[in-house]
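First the structure, in the form of structure tokens, and then the observations on it.
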Amino acid sequence: MQFLLFLLIYPVLWLISILPFPVLYLLSDGIFVLVYYIIGYRKKTVRENIAIAFPNLSDVERLVIEKKSYHHLCDIFLEMAKTMTISRKEIDKRFVFTNMETYLELEKQGKSIALLMAHYASYEWSISINHHINFIGYGVYKKLANKYLDKLVRAIRSKFKAELIATKETRFVIEQNKIDHVLGLYGFISDQTPRKSGIMHWYTFLGVETPIHIGAETLAKQYDMNVVYLKVRKVKRGYYEATLEVLSEDVHSVPDYEISELFIRKVEQQIYEAPEYYLWTHKRWKHKKEE
């Protein structure tokens, strides 16, 4: 069954990937109508999340954010498929790093680097950073249950020399690289709610006290890594700018949880500036703090 599903999905994604961008976004507009108006994909969750994050906005204002976020969601999905066949020249034109010199200066320190990101703007095309760097680039991701689709996702996201490592493998890979004196850039998307069993720290996110991920900070301190935040801004449809902001060059001098909190504040600031580019389809406040 898993292989059959793969056989059905792969040709569709490949056909999408070879579409010219104007046609790709026309298709995205059509998919938006299907996903939003007909299927209503996770609409209740999106509506609840936006209401919690923006209690002072009117229903009409929140509805505008909601619809724009679904348009962006459809674009992101098709842009991920487009990665299958996009050229380096094309992706460099559409996903621009504004200050790679900041990152390259960190490489000169001879320490691995933890790169923190959010599900904001284009987190998929951030993999193109790998042909700008000297270190080996690793992307931490959640493994899919379907092994064939998982292999496909790995292939798509690994196109620009990125090596994907499943969440459970992360510590082992970093540990082995440390032993082998291999310097790496480890990408963590750290804005989602952790599992209940993994809750260790609470912090205010979009006005609500919520558990936050501290795994990237913990690993950075354990293996003495520099930490940076990748701030991605959507310039216009299909075009993004990414800026690298240093969070810490001396992780052991920073109190516990402070790096994770700083990351959350930066994500929060971007959301308040342009909330339509955030991924609202996942439950952000699944857990409540017990008194």
[Y] side chain reached by [X] side chain, heavy atoms, under 4.5 Å:
X      : Y      : answer
Lys196 : His287 : yes
Arg284 : Leu206 : no
Leu230 : Ser126 : yes
Lys231 : Met117 : no
Tyr257 : Ile214 : yes
Leu34  : Tyr41  : no
Pro194 : Ile212 : no
Thr218 : Met200 : no

Open item on the list: Under 6.0 Å from the ring centre and within 45 degrees of the ring axis: does the NZ or CZ of Lys67 meet both conditions for the six-membered ring of Tyr36?
Closed with: no
What's the spacing between [X] [atom1] and [Y] [atom2] if we round to 0.5 Å?
X      : Y      : atom1 : atom2 : result
Glu276 : Ile65  : CD    : CD1   : 7.0 Å
Ile133 : Asn130 : CD1   : CG    : 4.5 Å
Leu244 : Thr102 : CG    : OG1   : 7.0 Å

Task: Cluster companions of Tyr239 among Ile, Leu, Val, Met, Phe, Trp, Tyr (side-chain spacing under 4.5 Å) - done: Val235
Open item on the list: Applying salt bridge (charged side-chain N to carboxylate O under 4.0 Å, His left out), can you list everything that pairs with Asp150, at least two apart in sequence or on another chain?
Closed with: none
Do [X] and [Y] sit in the same hydrophobic cluster, where Ile, Leu, Val, Met, Phe, Trp and Tyr count as joined when their side-chain heavy atoms come under 4.5 Å apart?
X      : Y      : result
Leu262 : Tyr120 : yes
Val46  : Val267 : yes
Ile129 : Val96  : no
Phe160 : Ile113 : yes
Leu27  : Ile86  : yes

Minimum-distance pair of heavy atoms, taken over all atoms of [X] and [Y]:
X      : Y      : value
Lys161 : His131 : CE-CA, 4.0 Å
Phe54  : Pro275 : CZ-CB, 3.6 Å
Leu116 : Tyr229 : O-CD1, 3.3 Å
Arg94  : Arg237 : NH1-O, 4.5 Å
Lys221 : Val251 : CE-O, 3.3 Å
His213 : Ser260 : O-OG, 3.7 Å

Taking only distance into account, with no hydrogens and no angle test, what donor-acceptor pairs under 3.5 Å do side-chain atoms of residues 5-25 form with protein atoms, sequence neighbours excluded?
from	atom 1	to	atom 2	distance (Å)
Ser17	OG	Trp14	O	2.6
Ser17	OG	Thr85	OG1	3.3
Tyr25	OH	Glu79	OE2	2.6

Would you call [X]-[Y] a salt bridge at under 4.0 Å N-O?
X      : Y      : result
Asp92  : Lys89  : no
Glu175 : Lys178 : no
Asp75  : Lys234 : yes
Glu90  : Lys93  : yes

Open item on the list: For Thr45 and Trp280: C-alpha separation, side-chain torsions, deciding distance, then whether side chain to side chain donor-acceptor pair (under 3.5 Å) applies.
Closed with: CA-CA 8 Å; Thr45 297; Trp280 294 104; over 6 Å; no
Open item on the list: With a 3.5 Å distance limit and no angle check, can you tell me whether Thr167 reaches the backbone of Tyr141 through a side-chain donor-acceptor pair?
Closed with: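 Side chain of Thr167 to backbone of Tyr141, a donor-acceptor pair under 3.5 Å: yes, one is there.
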Task: side chain to side chain donor-acceptor pair (under 3.5 Å) evaluation trace for Glu66 with Tyr70 - done: CA-CA 6 Å; Glu66 178 181 301; Tyr70 272 93; over 6 Å; no
Task: Full working for side chain to side chain contact (heavy atoms under 4.5 Å, CB included) between Thr170 and Tyr186 - done: CA-CA 9 Å; Thr170 307; Tyr186 300 95; 5.6 Å; no
- [ ] Say whether Arg233 and Tyr277, considering side chains only, have a donor N or O and an acceptor N or O under 3.5 Å apart.
- [x]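 Note: Arg233 and Tyr277 side chains miss the donor-acceptor criterion.
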- [ ] Report yes or no: do Asn177 and Tyr223 form a side-chain donor-acceptor pair below 3.5 Å?
- [x] no
TODO: Carefully, step by step, assess Ile271 and Phe205 under the rule side chain to side chain contact (heavy atoms under 4.5 Å, CB included).
DONE: CA-CA 11 Å; Ile271 293 171; Phe205 178 51; 3.9 Å; yes
- [ ] Let me see the working for Glu107 and Asn134 under side chain to side chain donor-acceptor pair (under 3.5 Å), right down to the final yes or no.
- [x] CA-CA 8 Å; Glu107 280 196 344; Asn134 301 307; 2.8 Å; yes
TODO: Verify whether the ring centers belonging to His132 and Phe97 lie closer than 6.0 Å.
DONE: yes
Task: Stepwise side chain to side chain donor-acceptor pair (under 3.5 Å) check, Asp191 with Tyr278 - done: CA-CA 11 Å; Asp191 60 312; Tyr278 191 54; 2.8 Å; yes
